[in-house]
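Notes follow once the structure below has been shown.
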Amino acid sequence: MNSYNPNENEAKWQKAWRESGIFKADLENSERPKYYNLTMFPYPSGDKLHIGHWYNYAPVDTWGRYMKMKGFEVFQPMGFDSFGLPAENYAIKTGVHPAETTRTNIDKMKEQIAAIGGMYDLDLNLETSSPEYYKWTQWVFLQLYKNGLAERREAPVNWCTSCQTVLANEQVVEGICERCKNEVIRKNLTQWFFKITDYAEQLLDYEGLDWPEKTIAMQKNWIGKSEGVNINFKIADSEDSLTCYTTRPDTLYSVTFMVIAPEHPLVEKFISGTEYEKEVRKVTKEIQGQTDIERTSTGGKDKLGAYIGVDVINPANGEKIPVYIANFALMYGTGVVMADAHDERDFEFAQKYDIPLKFVVSEDGSEIDPKDFDEAYVDDGILFNSGEFTGMNNREALPKMAEWIEKDGFGEKTINFRLRDWLISRQRYWGAPIPIIYCEKCGEVPVPEEDLPVVHPHIEDYVPKGQSPLAGAEDFVNVNCPKCDSAAKREVDTMDTFVCSSWYFLRYPDAMNSAKAWEKEHANKWMPVDMYIGGPEHACMHLLYARFIHKAMNNFGFVDSKEPFKRLVHQGMVTKDGAKMSKSKGNVVSPDEFVEKYGSDVFRMYLMFMGPFTDGGDWNDQGITGVARFVDRFFRMMQIDGEADDALVHGAVKRAGEAVEKMNFNIAIAALMELTNSTFKTGMNTGQKEMVVRVLAPLAPHLAEEIWEMLGHKESVFLAEWPEADEKFLVTDSVTYAVQVNGKLRATLELAKELGKEEALEAARSLENVAKYLKDADVKKEIFVPGKIIGFVV
RNA sequence: GCCGAAGUGGCGGAAUUGGUAGACGCGCGGGACUCAAAAUCCCGUUCCUCUAGGGGAGUGUGGGUUCGAUUCCCACCUUCGGCACCA
């Protein structure tokens, strides 16, 4: 009997697959139904492919192979999300150009992906940093621009005064620049936004999507639709007013102060030249050293703020109340918040700055005083001291008060979203240039589509000097205006890499031919993606951006599907010693040595056998020998001629098949192990072997091909049909009952399937270990669950 | 802090709709083969208790519903993901 040699065998089949092109999808005229099986493409990091990537790509490939055997034309492309910050940071540190490191990393990762022996089509060569690709990223930008979804506004960035550069959040550690350890400030720059908020309502519609409930919940919360009221507070001794948004107009009578974001444009106007200016500026600076999370957390960080010397009138009771800047007021929406004793943060703030507070809601409507409390009263209850609303339940009063506010003309009902517009400008070198030209006469001019791509200049000096590195490339910056031909300058910022990754699935079908235009027909043939598998960390950003761009493209008429990803599944994260793998922690585990030692089949099966792939887990190679043993044992078992019990074989085929269908690959493998343990003694006949090896095929493709060939087949096992168990072997005439007394198991009993309740109970009563509990006892209840349980309650 | 998950033997994990907790694998113990070792094969393996048969406890913690809860409800603890410039 021959043992299995994985390395030799895997090389043989990978070569055969490459030569026959069996896994190349026919993108044009296949008669099989299409199946677009997609994994989130990787960033070509210096860590290369680690175990986490395999943990994603192995199940995706198993699923793709399964769908192929189910009769689909499976398109399973692979590309690289190759623009991004790490390559640029590495370049600044070492002087190696990002283009060079990106190339090296991609080439190495391609080799590693090939070693999986998957169906992934790497010949598509999709790389977001190539001009063939970013030409179309720029084209997408222009479509959004033309349709009014791209515009420039001021927005703050993290600015290191010493490095003279914008920092990513990741590079700011406790308010300090990670590189030079100097102070980081917030600085306003004019930047490009995509108006994703215009699509907020549409993005809340998940009709027809097979997505995890938790992902939908997270996105919905992220979009954060709320119904509330914009209320105008007149500024005392002035004609102007401050508008705030609130979902709790029922607490209006308790409002005793207002808070405003320190970044609010009016703050500067209010304070300049006043006695409050110095203090407000000092506190503003302090606040800007905090992250948004620190600013808005309750509990933890202290509240920070200052009076700005302005008072407004509470429109409900005419009281004059002070306005403060506060760290927890962010410059989103109106940037103004009405504050009262019924909100935790407001309460804490008022306590710190000695601002008077009032309650207007209590459990039973009796008057309570904040002085007697050390925290906010946030529960619902009955209103008091609230004019005509006194005595009402606050939740019932809420819509009535909104009506009243609107009718009396000091506010209006408003729908608000937590979602913010997407800031896409990056003051960086390694990204796709934004295709805009600034002309003194014509203003902001989009680059004509026929002039795309705006080629990213190859520069040697990408060390930041106060503005985007592209500003230093004079040949790039200086250009003639496309409209009037006079001297003009290019936009020097590049696009957020999330822009590149928010439409790549639309490019794959055309990626083979780099010159090819956007072909609606092609996009329609392959979209939407039937299965999208990637990490849950992308739930709110990438997955929302991609839906937005796709919906915009649909609205512009470039693709007919309304959603990009019909079905979504998240793989879990693989950690090492409890931490996310990263070069900086030095805990990156490479798959290479395992593939070399055990082969790709064993390694991928071990990753899937570790547990449900949607769970992830901590990496440990201890159990891999179990899978390696199984592979060898299976191979030897397949050489034994004999005959196994059909009930056993068909039962395993059914169980494993159902598990694969549900993507419970660990269970599928366990079912095959169990079967192998039995058939190792009996052997199987050819028909039985042919069934079982087809079930194994998506899990261990190389091994299955070899056995399929041994069984005399000339064509690939992946051209064979997925086997279905024959039910006739699975019917049994007896079942095992668990017999319980007071819910505790006392015996088991094998009975005929069709036996009725009375006979079954009788049989159970006569069991010795049951009878002893029933004797001298009063049987209150008898339970009979057909096929499962017989129970007595005494 | 907010949003979303997850906690089951020494370890990874399994368990249709509330119905025999621990499948499968690792590890460990015992045995076979061997001069020996490796490999392989066979048996056992939640814990405690006990004379065979059994008995008791047990799915993060504390309560609850139920004849019966890993599964449903309430409160809590711990760990992980995300929080808008890492991707």
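Excluded from the calculations below are hydrogen atoms, water molecules and symmetry mates; all remaining heavy atoms, backbone and side chain alike, are included. Just so it is clear: chains get the letters A, B, ... in the order the sequence lines come, proteins before strands, and each one is counted from 1.
- Salt-bridge formation is detected for the pair A:Glu727/A:Lys654: a Lys NZ or Arg NE/NH1/NH2 atom is positioned less than 4.0 Å from an Asp or Glu carboxylate oxygen.
- Remark: A:Glu88 does not engage A:Arg428 in a salt bridge, criterion side-chain N to carboxylate O under 4.0 Å.
- OP1 or OP2 of B:C41 lies within a sub-4.0 Å distance of a side-chain N or O belonging to A:Arg633.
- The 5' end of RNA chain B is approached more closely, in terms of each residue's nearest nucleotide, by A:Glu213 than by the other of A:Glu213 and A:Met673.
- For B:G82, one of the phosphate oxygens OP1 or OP2 lies less than 4.0 angstrom from a side-chain nitrogen or oxygen of A:Lys580.
- Within the 4.0 Å cut-off from OP1 or OP2 of B:A57, at least one side-chain nitrogen or oxygen of A:Lys744 is found.
- At B:G55, one or more side-chain N or O atoms of A:Tyr773 fall inside 4.0 Å of OP1 or OP2 (strictly under the cut-off).
- Contact annotation: A:Asn677 side-chain N/O to B:G25 OP1/OP2 distance is under 4.0 Å.
- In this structure, A:Thr625 reaches the sugar-phosphate backbone alone: every heavy-atom distance under 4.0 Å involves primed, P, OP1 or OP2 atoms, never a base.
- Nearest-nucleotide assignment on RNA chain B puts the 5′-proximal partner with A:Lys214, out of A:Lys214 and A:Gly616.
- Shown here are the ring-ring contact (aromatic ring centres under 6.0 Å, His included) partners of A:Phe193, two or more places apart in sequence or in another chain: there are none.
- Rounded to an integer number of Å, the gap from A:Asp81 CG to B:C86 C1' is 11 Å.
- When the side-chain nitrogen and oxygen atoms of A:Arg629 are compared with OP1 and OP2 of B:G27, one or more of them lie within a distance under 4.0 Å.
- Between A:Asn221 and B:G4 there is a side-chain N or O to OP1 or OP2 distance below 4.0 Å.
- Taking 4.0 angstrom as the limit, A:Arg636 places a side-chain polar atom (N or O) nearer than this to OP1 or OP2 of B:C41.
- With ring centers used as reference points, A:Phe80 lies 6.0 Å or more from A:Tyr43.
- Applying the 4.0 Å criterion to OP1 and OP2 of B:G55, one finds that A:Asn769 has a side-chain N or O inside that range.
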